[in-house]
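In what follows, chains are A, B, ... by sequence order, proteins preceding strands, each numbered from 1.
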Protein chains: 2
Amino acid sequence: MSTTEAKTTTRNTIQRTLVLEAVQSLYNHPTSDQVYEVVREKHPNISRATVYRNLGFLADRGDILRVEVPNGADRFDLTNSLHYHMKCKHCGQIFDVSIPYKDELSKIGQTDEGFLIDSHQIMFEGICSCCCEK
Amino acid sequence: MSTTEAKTTTRNTIQRTLVLEAVQSLYNHPTSDQVYEVVREKHPNISRATVYRNLGFLADRGDILRVEVPNGADRFDLTNSLHYHMKCKHCGQIFDVSIPYKDELSKIGQTDEGFLIDSHQIMFEGICSCCCEK
DNA sequence: ATACATGCAAACACTTTGCAGCACA
DNA sequence: TGTGCTGCAAAGTGTTTGCATGTAT
């Protein structure tokens, strides 16, 4: 074995484990900062840089999903299912939305302009139920 | 007249005019920085703050469209038509995409969660034609 | 004349990076 | 035991804000 092995040695540090667990426990697309705060309860010395690095690592590896939010901090999510988000114009919070996922939009393949599409995100905007009530 | 007038006095400064003209001339969703550079050719003393303030003002007023880009500078566009964008994973640039606009997505109204949707943006991801060729 | 707009610089929010030391495999 | 990872601090990017001054109406 292993003349052609990529040899991507990856270490399971406490920090990395805690970051993953934090995202899993905070199912509500936490920001890096929220993850940082949760991890800090168990491991007070962790640095923000480590949280950022591990969130990026876990997202690249596919363990978690990075939701890039326009004009806001990135959110991290479980990779359970593809779904869309909405941003409340009033309070700025991000919510999952039950609108059915449009697989066909990622399967467009090549556009007229010659772009190869392989994924998409939809960000709905409006007013969330909390803000509606006020 | 004018006991109930909102009295939103708005001034047409050279700076504001130049910012609008710059967005109109740079039809390719310029960033604030690109607008700044163009305006500076005619009005070298303009400050970035003024460009930001005017882009925001013009967008709020509806003269131009703000396209919020995840993990990137906001882009500004003419308000001609609603369309989607794609972000090249390779070069990071933003392009218009010819995929038909889905009016029905903004007409969803209320979701199961009780959110009132009034607009949406779709960001496709993939590889642009320039990067494909390489 | 007045108050909206400007220019400047400092502050801000979020994220990345350089580097020396640490610890997992 | 070696190198991947960490913590720290500094830097980077994009944007906003406080304040004194300027200027369009």
**Q** For the side chain of B:Asn54, counting heavy atoms from C-beta on, which of D:dG7, C:dT6, C:dC8 is nearest?
**A**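 Nearest to the side chain of B:Asn54 among the choices is C:dT6.
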**Q** Got a donor-acceptor pair under 3.5 Å from the side chain of B:Arg53 to the base of C:dG7?
**A**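 Side chain to base: pair found, below 3.5 Å.
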**Q** Rounded off to whole Å, could you give me the CZ-to-C1' distance for the A:Arg11 and C:dC24 pair?
**A**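 Those two atoms, CZ and C1', are 5 Å apart.
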**Q** Testing B:Asp77, B:Asp60, B:Asp74 for salt bridge (Lys or Arg N to Asp or Glu O under 4.0 Å) with B:Arg66, which one passes?
**A**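 When salt bridge (Lys or Arg N to Asp or Glu O under 4.0 Å) is applied between B:Arg66 and each of B:Asp77, B:Asp60, B:Asp74, only B:Asp74 qualifies.
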**Q** Would you kindly give the CG-to-P distance between B:Asp33 and D:dT15, to the nearest whole Å?
**A**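 My rounded result for the distance is 9 Å.
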**Q** May I have the distance from A:Tyr36 (atom OH) to D:dT6 (atom C1'), rounded to whole angstrom?
**A**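 Taking atom C1' of D:dT6 as the reference, OH of A:Tyr36 is at 13 Å.
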**Q** Closest nucleotide of DNA chain D for B:Ile14 versus for A:Thr13: which of these residues is on the 5' side?
**A**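 The residue mapped nearer the 5' terminus is A:Thr13.
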**Q** May I have the distance from B:Tyr52 (atom OH) to D:dT17 (atom P), rounded to whole angstrom?
**A**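 So the OH-P distance, B:Tyr52 to D:dT17, works out to 13 Å.
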**Q** Could you state the CG-P distance from B:Asp74 to C:dA13, rounded to the nearest angstrom?
**A**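 These atoms are roughly 17 Å apart.
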**Q** Nearest-Å distance, CD1 (B:Ile46) to P (D:dT21)?
**A**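 These atoms are roughly 21 Å apart.
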**Q** Rounded to the Å, how far apart are A:Gln15 CD and C:dC24 P?
**A**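 So the two atoms are 8 Å apart, to the nearest Å.
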**Q** State which of D:dT6, D:dA24, C:dA25 makes the closest approach to the side chain of A:Asn12.
**A**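 Of the candidates, C:dA25 comes closest.
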